[in-house]
Asker: 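Right, I'll just put the structure down here and ask away after.
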2 protein chains.
Amino acid sequence: MEFAAKGFDGASTRSIAERVDAFQPQINYHFASKEALWEAAVDHLFGMLANAFADLPPLDTAEDPITLGHHVAEALRRFVHFAAAHPELNRIMVHEGTADSDRMRWMADRHVRAWHGNITAAWRSLREAGVAAPLDPDRVYWVIVGASSLPFVNAAEVRALSGDEPTDPSWVDGHADDIVAMLLPGLPTPR
Amino acid sequence: MEFAAKGFDGASTRSIAERVDAFQPQINYHFASKEALWEAAVDHLFGMLANAFADLPPLDTAEDPITLGHHVAEALRRFVHFAAAHPELNRIMVHEGTADSDRMRWMADRHVRAWHGNITAAWRSLREAGVAAPLDPDRVYWVIVGASSLPFVNAAEVRALSGDEPTDPSWVDGHADDIVAMLLPGLPTPR
DNA sequence: GTCTATAATTAGATAGAC
DNA sequence: GTCTATCTAATTATAGAC
């Protein structure tokens, strides 16, 4: 995706149209503007993210802390796998989150705030139960997202530096295991 | 910095010149091209990063694993503080690392590879000594950089989502403590 | 809806006065 | 070195034939 690779300003509607084998003016026919196209792309990516979690129990309904811990562990694994399969979402998020802009506020209010709130609340419960690493609930969202997604956001640099292919299933699984072990060291029988 | 905020393509030499109260053609007078200006900016930022670590002992000279652990802990704290003070570097890195390009390879070969190699090697020693979290040495670089830098790379989104000011010294210190505690749970008397 | 042509704006880079 | 003027190319968006 052009928005993910080059950012909003760097992506040209011509190159976007080329990718789908269309003509540049068709973007302005099907969408009101480049901005509207961007919003549609972000809605689509967050929709796919929600789908990837659709069959999981909500994080605010676990009966006991250990069960919540296992729910969070599974959610973390899902997030790692989603970031590996669809790095575009995290690329767009990290790009738009750098500066205060209308696009950043639109994305934060419409999509990110709910995820951020759920993770923060679940982490508070895990901390009280002593099953989570000693991370402040107000910061853990950024630790999770940063640590989980960076090798996929920067997959090209992973390849250049180590020769590893971070989208290999074994690499992704290993990374998910690492994230869970690091964040939930108190979870019994991790996997 | 314009390159950090908008990426290479999104940053215009006109807006860059405006920021330093200069005229756009002066960029092409003092630098050969926009690309040369970008390289000079990246060199400058990595130079500042190296300066921030200049007084620390090299990570390959520690006599015993516990001492190495404390050296790594201090290096992690330095990195968190640098990312908070100079988020431009990590913004440029995350932006350029997304796609295979000449700029990405230039940056990886000239600057990133040495840091990546040192961290990976130090982590192998820490793992053998049992003082580090169970993260694969081939992946830990991305966990460290992602978890440490994201709240500063996306400081605007942190403000929008939580109202926190991630550049507040107490926030930065707390984040550094979180990172060290998460990555080096086996370190005696952490801090 | 698709596609060509093109308008209006902005981009990086250069020329040349001072 | 500084700054104005400008060139060429690329940008988003629109008009209009089909």
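Just so you know, these numbers come straight off a predicted model, no measurement behind them. The chains referred to below are lettered A, B, ... by the order of the sequence lines, with proteins before strands, and numbering in each begins at 1.
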Asker: Are the charged groups of D100(B) and R159(A) less than 4.0 angstrom apart, N to O?
Answerer: no
Asker: Using whole Å, report how far CZ of F23(B) lies from C1' of dG1(D).
Answerer: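 The distance from CZ of F23(B) to C1' of dG1(D) comes to 12 Å, rounded to the nearest Å.
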Asker: Determine yes or no for a side-chain-to-main-chain donor-acceptor pair under 3.5 angstrom, with H81(B) supplying the side chain and P169(B) the backbone.
Answerer: no
Asker: Rounded to whole Å, how long is the line connecting atom CD of E18(A) with atom P of dT2(C)?
Answerer: 17 Å
Asker: For the pair made of NE2 in H30(A) and C1' in dC3(C), what is the distance, rounded to whole Å?
Answerer: 12 Å
Asker: Going by the rule salt bridge (charged side-chain N to carboxylate O under 4.0 Å, His left out), which residues pair with R103(A) if we only count those two or more places apart in sequence or in a different chain?
Answerer: E96(A)
Asker: Which residues pass the side-chain hydrogen bond (donor to acceptor under 3.5 Å, both in side chains) test with D64(B), not counting sequence neighbours?
Answerer: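 Here the qualifying residues are T67(B).
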Asker: In the 5'-to-3' direction, what one-character label does each nucleotide of nucleotides 11-18 of chain C receive under the scheme B = base within less than 4.0 Å of a protein heavy atom, S = sugar-phosphate only, - = no such atom?
Answerer: BBBB----
Asker: Would you call R78(A)-D55(A) a salt bridge at under 4.0 Å N-O?
Answerer: yes
